[in-house]
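Below is one structure, written out as structure tokens; the observations come after it.
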Amino acid sequence: MTTTTTKQYLNYINGEWITSSSKETYEVTNPANVEEVIGEFPLSTESDVEKAVNDAHNAFQEWRKVPASERASYIYRFIELLDENRERLGEALCKEQGKPLKEAISEATRGVNEMRFVAGEAVRLDGQTLPSDRRGVLAMSTRVPIGVVAAVTPWNFPVLTPLRKIVPALVAGCTAVLKPATDTPLTSVILMELFEKAGLPQGTVNMVIGKGRKVGDTLVSNPLVKGVSFTGSTQVGRSIYETASKNFTKVQLELGGKNPGVVAEYSDLKDAANQIVGAAYTNAGQRCTSISRVVVLDKHADELEKHIVENVKEFKVGNGLDSETTIGPVVSENALNELLEYMDIAKQEGAQILLGGRRLTGGIYDKGYYFEPTVINNVTQDMRIAKEEIFGPVLIILRVSSFEEAVEVCNNTEYGLTASIFTDKMEWGYAFMEDVESGMIHVNNGTNSEGHMPFGGVKNSGVGPYSIGGTNKDFYTDLKVSYIQHNK
Ligand code: NAP
Ligand code: MG
């Protein structure tokens with residue numbers, strides 16, 4: 001008989017791996033097979049958070065003075081290590097979160113590519129000089145790092161999201177404390193190992209693992225934290241915004257979405273279906289930028305629906321480590337139950353489940369959280385399933401009679417993250433760009449964003465400077481305006 005001991009993981013604070021002061025831990029299991037325990041992780045306390053923030057604050061006093069190009073060279077070293085560890089990260093990600101291995105490795109690859117752009121931002125932290133009103137005066141603005149940044153991240157992109165917050169913080173001269181999602185802490189542990197290996201000075205990067213309500217909330221309310229970069233649900237985002245406002249702490253909130261994909265006068269409906277399905281079901285639909293509502297002109301609807309269903313039937317749901325798998329399990333039992341609830345709501349509201357809609361059972365399916373890729377039609381815009389974010393492999397189809405009605409349907413939601421249109425009429429493409437309330441617009445393509453472009457949402461999808469692209473520096477730095485009388 002073999003006995004296996006569960007591996008214990010620790011917090012990373014001030015360059016040391018330490019247990020939580022509570023000594024309490026929790027287990028993370030693989031959503032593809034809950035019998036597989038990934039590891040035991042600390043359930044951290046308020047005092048762990050306080051220590052991490054104090055240490056990050058102390059480290060900031062030195063780090064902010066390190067020349068920008070030198071800060072970048074630490075990051076270049078880190079990126080080399082990230083590149084070497086893509087497969088290891090991908091495997092850990094697949095096991096703790098469920099996405100297919102190939103998708104998981106590409107998430108890490110994406111991280112490498114994006115961080116190269118971010119590292120270069122160090123030497124593009126620009127200010128302005130303007131002619132002074134006075135003789136002998138130089139009037140200028142410079143950027144200064146804000147201080148300690150809290151990074152609070154979700155489980156759906158557990159490699160990319162921490163990178164997108166910690167690396168720009170370091171590059172700008174800030175220090176960081178990461179609180180990863182409870183469901184997916186292992187990839188964050190690996191990232192910390194790589195920061196340590198890259199030789200980042202102690203205290204510049206820290207990680208405290210534990211529950212959002214305790215660790216997350218304590219972090220956000222700490223007055224030494226000068227910025228909170230959060231990605232997650234609109235509900236938690238709202239509570240973070242409230243808490244942060246008490247100390248006038250800056251926020252960068254990236255929240256939920258109910259992203260439409262419009263099809264109107266587009267000759268290649270098969271292509272539209274292909275692109276919509278790709279954008280809807282990647283990562284089992286657990287992306288804030290997933291297309292989740294198809295809005296289609298009546299006259300195309302039957303044919304488009306047929307192509308969508310054919311396409312969705314091709315998916316192979318399974319363990320992400322199996323090379324055949326194209327859709328993994330959803331992340332947790334809660335996530336699965338929420339999906340099942342939405343299926344009941346859909347039926348009660350009179351919608352029709354065209355495909356899927358159930359938990360998968362039998363064989364390996366009984367050991368994980370597997371949900372059938374689902375397509376729902378007969379949906380009207382007043383239904384809950386048309387308005388609320390359903391975070392999973394579920395696509396709903398709304399029929400409209402005109403382009404104007406399509407725009408109205410797109411805007412009839414609290415969210416405004418991304419929106420796509422497939423059309424051969426470029427005047428509609430432009431009108432869509434102008435009239436749809438959304439942070440990001442895609443004409444004739446799905447919802448893929450690029451790693452050097454700003455990323456963010458409007459309405460209840462986000463607030464604060466957009467992340468990822470050059471706009472990040474507006475979050476991680478404050479402006480300092482100086483007048484220097486150099487001559488009388
Ligand atoms: P979530 O429940 O909002 O959690 C996100 C993070 O916040 C987790 O680390 C969570 O910790 C923590 N948290 C929970 N309560 C908190 C509190 N009171 N104070 C501070 N932190 C707290 O979101 P999720 O379920 O992980 O992720 C799914 C959501 O994220 C979806 O709505 C999706 O649309 C959104 N999302 C948005 C984007 C975007 O860029 N706009 C990208 C990805 C995902 P625990 O894990 O311990 O709960
Ligand atoms: Mg949650």
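Remember, it's 1-based here, ligands and their atoms both numbered in the order they're listed. All values reported here derive from a predicted model rather than from experimental measurement.
Enclosure of atom CZ in Phe315 by more than 12 non-hydrogen atoms of other residues, nucleotides or ligands within 6.0 angstrom is indicated.
In summary, the atoms of ligand 1 found under 4.0 Å from a heavy atom of Val152, numbered by their order in the structure, are 6 (C), 7 (O), 9 (O), 12 (C), 21 (N). Taking every heavy atom of Pro154 and a limit of under 4.0 angstrom, the matching atoms of ligand 1 come to 26 (O), 27 (O).
Taking the ring axis of Phe391 as reference, the NZ or CZ atom of Arg287 does not stay both within 45° of it and closer than 6.0 Å to the ring centre.
For the side-chain contact (heavy atoms from CB on, under 4.5 Å) test, residues two or more places apart in sequence or in another chain that qualify with Asn259 are Leu417, Thr418.
Between the side chains of Tyr466 and Gln252, not a single donor N or O lies within less than 3.5 Å of an accepting N or O.
Looking at Ile240 against ligand 1, only its side chain comes within 4.0 Å, counting heavy atoms. Of all the heavy atoms of Glu389, the ones lying under 4.0 Å from any atom of ligand 1 belong exclusively to the side chain. When non-hydrogen atoms are compared, ligand 1 lies under 4.0 Å from the backbone of Thr153 (N, CA, C, O) but not from its side chain. By the criterion of a heavy-atom distance under 4.0 Å, both the backbone and the side chain of Thr182 are placed next to ligand 1.
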Can you list, pair by pair, the side-chain donor-acceptor contacts under 3.5 Å of residues 104-112, counting residues two or more places apart and other chains?
residue	atom	partner	partner atom	Å
Ser106	OG	Lys102	O	2.8
Ser106	OG	Glu103	O	3.3
Glu107	OE1	Lys99	NZ	2.5
Glu107	OE2	Val159	N	3.0
Glu107	OE2	Leu160	N	3.0
Thr109	OG1	Arg86	NH1	2.8
Thr109	OG1	Ile105	O	3.0
Arg110	NE	Glu114	OE2	2.8
Arg110	NH1	Ser449	O	3.3
Arg110	NH2	Glu114	OE2	3.2
Arg110	NH2	Ser449	O	3.0

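Inclusion of Ser233 in the set of residues having an N or O under 3.5 Å from an N or O of ligand 1 is warranted.
Of the candidates Gly210, Ser449, Gly212, Ser467, it is Gly212 that places a heavy atom closest to atom 21 (N) of ligand 1.
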